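Taking it in order: structure first as structure tokens, then the write-up.
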Amino acid sequence: MSALDHRDTEIVAWDDVLAEYDPAMGLEVHVELNTHTKMFCGCPTEFGAEPNTQVCPTCLGLPGAMPVVNRKAVESAIRIGLALNCEIAEWCRFARKNYFYPDMPKNFQTSQYDEPIAFEGWMDVEVEGETFRVEIERAHMEEDTGKSLHVGGVTGRIHGADYSLVDYNRAGIPLIEIVTKPIMGTREKAPAIAKAYVAQLRELIVALGVSDARMDQGSIRADVNLSLAAKDSGALGTRTETKNVNSLRSVERAVRYEMQRHAAVLRSGAQILQETRHWHEDTGVTTSGREKSDADDYRYFPEPDLVPVAPSREWVEELRATLPEPPREKLARLQAAWGFSDLEMRDTVGAGALGLVEETIACGAAPQAARKWWLSEMARRANDSGVDIAALGVTPVQVARVQALVEEGSINDKLARQVFDGLLAGEGTPDEIVAARGLAIVSDDGALGAAVDNAIAANPDVADKIRDGKVAAAGALIGAVMKEMRGQADAARVRELILEKLA
Ligand SMILES: [Zn+2]
């Protein structure tokens, strides 16, 4: 099916979906670890190198090459498992997952099958002030594939391309796949809970320091499994798996869309096809991918070239001691330190801005100022351009500097918004943008005095009122001065000058 067919797909109105069906979700999140070397060889993992320069016989799957497990990757996997309240296996093996794909040079992926390193955990997710427990089935270790580049087509997809290139630099980079149990009973909150789960998992990964955790660069990728069943039946319907949903916003939208699409298929009397689907960020729909194989089609078997992984209990306890503060305790501590209301804290978390606000405050901004810029100005711009707030391209250091400029009196809030425009346009640092765009506030009496004289001359009636003691009328003259000076006048000094001149 081509990407063009989806415009005809029917969906059911949201309220009708909820009246007739209950959703069940399953979320699979892949986290690319930030180890310096690959999972089973010593090749470097830096992003953005020339294609096929970070490869060796092992990650290219050449005959006779022998893999060796990366201890740091196992350590990160255990720490992720512990942070998700999982059991850690005393003994587990890797398994070969057999399938052919051009960007997978070995024709199998080294993964874990029935013996994951971590299993049976949970994470509490906060949505609109309520806590929802998401149960974790497993977190297992595996390796990434290479990347195919399809050249000549319009969309970058293989369809219509003249030829394809493969880059194996990514092949063999360690991944942790975190799989939830079916998430039931979420009803109308399903999209929000899915988004909150991925957002809080991302925060946890950041706190653990085990990954760059950049959704926009694919170092965290979410697959969304979804099914519907008749309302209150408690049954599980046939599921679809929407692959590689690359932003928090898209996770929410993809769940909502698939619920509406499933409902349309079920209402028509047809059956849901168990398949993978592609998410289209631009149109907000999913399209059919391939029919989903059952596990036995992969002919999993234990990897014969690798020794089992048997982490000692002492090592596991040592790693447990390195875990960051649990998310809920951290939230309580930050809320107390920042003096945020419950609603302010909830909005900050909900916008995916907790870490950004925290860093901005660490750079010297007052908590309420940091919150204000991220939740009003940055959230709006991220929403306008359809990206997550963390992917906007403005950093906490920059926001803290803009706020410092406001506090120094160099700019005001209105001018600060223009500085943010400049930051998004890549015009340099906040100070460079203030200089280049001429945004600094004028408090020099010479320039201000001339503008005040003009305002008085143009508004004789207002000036008379002020002379008669109606000081409140000064606002109209201040407005006229601000307009003449394009908002860059020191309002307090303007007011003083007006009152002096009309005394
Ligand atoms: Zn290698």
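Values below: every heavy atom of this structure, side chains too, minus hydrogens, waters and symmetry copies. Here the structure is a predicted model, which is why all the values come from computation and not from measurement. First listed ligand is number 1; within each ligand, the first listed atom is number 1.
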Out of the candidates Met259, Arg277, Glu241, Arg239, only one should pair with Leu226 under the side chain to side chain contact (heavy atoms under 4.5 Å, CB included) rule; please name it.
Met259
Electrostatic pair Arg371-Glu344, nearest N-O below 4.0 angstrom
yes
Does Asp388 come within less than 4.0 Å of Arg214, counting only side-chain N to carboxylate O?
no
Check whether Trp279 forms a cation-pi arrangement with Arg261 (NZ or CZ under 6.0 Å from the six-membered ring centre, at most 45° off the ring normal).
no
Among Met104, Lys38, Gln109, whose side chain to side chain contact (heavy atoms under 4.5 Å, CB included) with Glu143 holds?
Gln109
Does Lys97 make a cation-pi contact with Tyr298 (under 6.0 Å, within 45 degrees of the axis)?
yes
How about the Zn ion (ligand 1), which protein N, O or S atoms come within less than 2.8 Å?
Cys41 SG, Cys43 SG, Cys56 SG, Cys59 SG
